[in-house]
Amino acid sequence: MHLSVNGDSMQLPAGTTLSELLTQLGLANVKVAVELNREILPRSKHHDYPLSHGDALEIVHAIGGG
Amino acid sequence: MHLSVNGDSMQLPAGTTLSELLTQLGLANVKVAVELNREILPRSKHHDYPLSHGDALEIVHAIGGG
Amino acid sequence: MHLSVNGDSMQLPAGTTLSELLTQLGLANVKVAVELNREILPRSKHHDYPLSHGDALEIVHAIGGG
Amino acid sequence: MHLSVNGDSMQLPAGTTLSELLTQLGLANVKVAVELNREILPRSKHHDYPLSHGDALEIVHAIGGG
Amino acid sequence: MTKIDSPLTIAGKTYQSRLIVGSGKYRDFEQNLTALQASGAEMITVAIRRVNLGQNPDEPNLLEVISPREYTILPNTAGCYTAADAVRTCRMARELLDGHKLVKLEVLGDQKTLYPNVTETLIAAEELVKDGFDVMVYTSDDPLIAKRLEELGCVAVMPLGAPIGSGLGIRNPYNLRMILESARVPIIVDAGVGTASDATVAMELGCEGVLMNTAIAEAQNPVLMAQAMKHAVIAGRQAFLAGRMPRKLYASASSPIDGTFF
Amino acid sequence: MTKIDSPLTIAGKTYQSRLIVGSGKYRDFEQNLTALQASGAEMITVAIRRVNLGQNPDEPNLLEVISPREYTILPNTAGCYTAADAVRTCRMARELLDGHKLVKLEVLGDQKTLYPNVTETLIAAEELVKDGFDVMVYTSDDPLIAKRLEELGCVAVMPLGAPIGSGLGIRNPYNLRMILESARVPIIVDAGVGTASDATVAMELGCEGVLMNTAIAEAQNPVLMAQAMKHAVIAGRQAFLAGRMPRKLYASASSPIDGTFF
Amino acid sequence: MTKIDSPLTIAGKTYQSRLIVGSGKYRDFEQNLTALQASGAEMITVAIRRVNLGQNPDEPNLLEVISPREYTILPNTAGCYTAADAVRTCRMARELLDGHKLVKLEVLGDQKTLYPNVTETLIAAEELVKDGFDVMVYTSDDPLIAKRLEELGCVAVMPLGAPIGSGLGIRNPYNLRMILESARVPIIVDAGVGTASDATVAMELGCEGVLMNTAIAEAQNPVLMAQAMKHAVIAGRQAFLAGRMPRKLYASASSPIDGTFF
Amino acid sequence: MTKIDSPLTIAGKTYQSRLIVGSGKYRDFEQNLTALQASGAEMITVAIRRVNLGQNPDEPNLLEVISPREYTILPNTAGCYTAADAVRTCRMARELLDGHKLVKLEVLGDQKTLYPNVTETLIAAEELVKDGFDVMVYTSDDPLIAKRLEELGCVAVMPLGAPIGSGLGIRNPYNLRMILESARVPIIVDAGVGTASDATVAMELGCEGVLMNTAIAEAQNPVLMAQAMKHAVIAGRQAFLAGRMPRKLYASASSPIDGTFF
């Protein structure tokens, strides 16, 4: 299936979960916030959350800023 | 009949016209603008315009201001 | 004999010494500098220094100033 | 004879007068002031004033300045 | 000068003078008129107020003393604290002045500071432009608000130099510079001028004009101050066009160093 | 205006213009003369220098272009760093100008800052006054030195606004105010003016005049800046005489609050 | 000191330091942390951005270096030009920081001036307060807008001293004074500070704190400048509380005049 | 900090604090001492005056409260209007303080402005240096006079920021910059400081220290203002050493523009 992650399109096997994706992206242990289709997806739900074809994900963290 | 003129209430004989009122107020030849019940009453219509009980009139002119 | 002390004229018995004057003025143990006839009189010489008729003394100390 | 004119040394025939020098310098009709050996030489005396060996002349005029 | 500068143009009308004056706070109409003439201004603001009932009908009228035939009358919305009151006042002014379209819009926030209420000003400006008015708008020195008022179709944007009647001069030239850099309509400093040099500074920044009332009317000699302001605005405009010398921490001699004889 | 003000008087001669200009740093005599005329100035400074030997005798001369019959020529001592050189220069100037007594004394400290050397200036001023000169003296903004120069008999005291050629404006108005409060001769700001508003500020403080060179000569358009300065000095003088409004942190309405109909 | 002053309180939490710093523009996290410690600040702003996909998972993370357990993290909405984007950013920040409610709202007008867009800021502030956020809001120095942001329920109002990153200091102290006179929440100057004295001036006006980033991060020695800012904020606060001497045009002797012997 | 800065050194003695305070205008010795301790100053000025004849011998003495063993006492020549009086006062001070050589020379012009008399100051400085004194000299901000005082052998040159007791701050930073650029002895701003930011500004210019009396003694809370001044001087020194960010008319974002998700 195709998804958009932070604006890039990605090809993932059907049934991939969010936690699998985060692990694949090396973000398993990184403090991030996730927005799925413009709705916040609480961290509590990340585990085993099934992604679907066409999902748009935003994964953000904190960086230096004034 | 009772009217409000510039916030003061006035008692006028029924059928008084706007031009009669302006004359009575000494404003016959003074450059003023008139608002009747919050609608502008164009100068062209002042002559013989019949006033009614309960009318609210605002009569303004230009004064010094910055 | 007559002397001037800080601009005031004083009458002192002939032979009065500076140390006697300072004691009389309650300045025996106060840190002061003394000018005699516009010349500094070093502290080392105060003891038994004989005053003379017409001497002009200035006795100063430190006070608050900016 | 040798003279210094505005800091430059000049060789002139003995007996040359100031007016001759000014003419030679193209200053005959130019408004200038002349100092001879650090004394002002009034314009009235320029005519036929005899210059001598070793004289130091300053010839100045007005220029733009703030 | 005329070769170099072009006259101030507002709503299609040109003005030789870049000074706009008020008609408030004068001792009497006579003093007001004399000061107006001394200032050389061609545009003057007026306020719209209720007539006093029972006033002496022979009492002179401002517009008889200062004639709309000789001067451009600029009715203002002074005293309005809402967009609705400001729009209503402009319509009264248009009726009073026989269809006159040029108005000075000001919507203030409170009577203590008289600081402009920019959000109500935006609402009123949009409605007045729609209704066919030529709007000269008083505002703060916020460059974004000034830009939006221009985009709404105002014919001139008039940021404050300092609060109305304060006489504190041009408090924030940096904001005025930001406003001027992107402006496509005349920028006129309105409010804050206290003395002649304040007007000169405003014009040197590149403003197209200056509007003032208190600085003239409350000077000890209003007529003489009016003359001063006339010269101050010309001086600032010419200096802006002439292009000032660069500033240097260090000196540079005005007289040549060569040719000294000592 | 004329009723209220009296003309500037220096060494017994009166001047309608309170602007004094320089003749340095111009492209050519032509530009200098045009700017002088545009400025309305009646007095102009010149420097005294050696003639170039072997110069073309037909080369025009400054005093042929700017005539001592039309303008008061003010020879300066620019370039002098000692009292002796300044006195010698003034004597040369007097001879050059057929007994002319009015001079601008300036004795500077170093070529980097061109800051006035006040101790040498005091010595030169005393000697020149004794020798019969009418001395207009350039100095710092030290109020005590200014006072002593007045007491020595100088006909005008000319404190700097900022260093020569810096264009930094009036850096320390407080010192100028101290100088003005006790002055009995004309106080003229000399040096520092960079643009029109600087001249206006100097006059608003109560100075009797302003002397400038670089601000005009090094403007991108010197002739237009000369016009600007003419107006700026008039504006500042009139504003000083008119008496400015008081400053307030808070606003005060220029339009009456009574009579609103909303 | 502690007897006289009470600590800064924002959203119920007290802070001994009145200095808030940013985390942008530093050479690296190490320098940022060292400067933070030198500044004594207890609150630090961060930005919310997309993670770089395919980044090295071992790459250090800002919140591992600057721990939310030691410092109050203040996520900002930098880069937002609409209310909608700002609100969305705050919600992401709240999720990222485990329900953290304190945010710095800034909605800017354009990338050139970074001037705050006050109308979008009003909209976003209202929505964020409704949604339960504790909003510290960056705004212009418009006193009416500042008042409305307070009335909307913001926990701190943060007017600019000058544009973000300009280092121009407090351009308009008069507007800050108007804001301070009626404020009922902490007023914190945000943006404009360029050097220590700017922070001191802001505090002397009566502000409750100062927020800065560039002044520290872009100093030649950021860690030393961070120390300077720590002292500057304390100095300004203490001077405000101590009550400065009155200004006088004239001098008054610090040493007594009596008792001189000459 | 200590790694970067070196302590202030005057006449061979080093000082950790760059703040010098006065002892005039305090309510009593107690308040004076408490403020001195709060300021962290290590040097304090005193005046030399006649003892009051017939005074109570038990009346405390300033030097018993503020001990020359703990603090460097700096006797001044306040009240002197001639070089002769100033020299005589310094000799009395040296005798009083058992051969103490460090003095603050000030020769003023008049009691109204208390402006320094630079010509008398030059005379007195030369004589005192010849007589073996270590002279810290109060002067105007005239860069040439400051340079000559240094060349005469003064151990510190102390230009005014503004007149004594005026609290007007640093009126002319340009002159101070000129003085600082060529100075080879410590330059210490003496007089003019009114509040903490004034001291910070003086130090940011590069001065080696600040001397003040009235700003602390006449604050509503002198002890708290003394603390403020301690921090203000440190802040200004650190900011000077740290090197401030450049000023820009335009903004620059403190948060990165990349990585926004909206």
Side-chain angles (χ1 to χ4, degrees), chain E residues 80-83 106-126 138-152 159-183 191-192 194 198 205, chain G residues 80-83 106-126 138-152 159-183 191-192 194 198 205:
Chain E
C80 295
Y81 294 91
T82 66
E106 59 181 291
V107 188
L108 306 182
D110 59 71
Q111 293 198 5
K112 183 180 179 198
T113 67
L114 299 182
Y115 203 84
N117 180 326
V118 295
T119 51
E120 286 296 299
T121 299
L122 286 164
I123 295 165
E126 184 161 21
Y138 173 63
T139 182
S140 74
D141 59 10
D142 179 326
L144 298 176
I145 299 294
K147 193 49 158 176
R148 282 164 62 182
L149 289 165
E150 173 190 303
E151 290 164 350
L152 286 173
L160 52 73
I164 294 172
S166 67
L168 293 173
I170 309 302
R171 298 316 318 162
N172 195 343
Y174 293 86
N175 277 21
L176 289 184
R177 282 172 62 179
M178 284 197 249
I179 291 170
L180 287 160
E181 282 189 10
S182 72
D198 297 333
L205 286 168
Chain G
C80 296
Y81 294 90
T82 66
E106 61 182 289
V107 188
L108 306 181
D110 59 70
Q111 294 198 5
K112 184 180 177 197
T113 66
L114 300 182
Y115 204 83
N117 179 327
V118 294
T119 51
E120 286 294 302
T121 300
L122 286 164
I123 294 166
E126 185 161 20
Y138 173 63
T139 182
S140 75
D141 59 10
D142 179 327
L144 299 176
I145 299 294
K147 191 47 149 180
R148 283 164 64 183
L149 289 164
E150 173 190 303
E151 290 164 350
L152 286 173
L160 53 73
I164 295 171
S166 68
L168 292 172
I170 309 301
R171 298 316 318 161
N172 194 342
Y174 294 87
N175 276 22
L176 288 184
R177 282 173 61 180
M178 285 196 246
I179 291 171
L180 287 160
E181 282 189 9
S182 71
D198 297 333
L205 285 168

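Letters go in sequence order (proteins before strands), and every chain restarts at 1.
Near-neighbour residues of residues 174-182 of chain G relative to chain E, defined by a heavy atom under 4.5 Å from a heavy atom of that chain, comprise G:Y174, G:N175, G:M178, G:E181.
Residues meeting the salt bridge (charged side-chain N to carboxylate O under 4.0 Å, His left out) test with E:E151, sequence neighbours left out: none. Every residue meeting the side-chain contact (heavy atoms from CB on, under 4.5 Å) condition with E:L144, not counting sequence neighbours, appears here in chain and number order: E:D142, G:D110, G:Y115, G:N117. Shown here are the side-chain contact (heavy atoms from CB on, under 4.5 Å) partners of E:A125, two or more places apart in sequence or in another chain: E:L105, E:L149, E:L152, E:C154.
With a 4.5 angstrom heavy-atom cutoff, E:P173 does not touch chain G via any of its atoms.
Note: E:T119 leads E:T119, E:N172, E:D141 in heavy-atom pairs under 4.5 Å with chain G.
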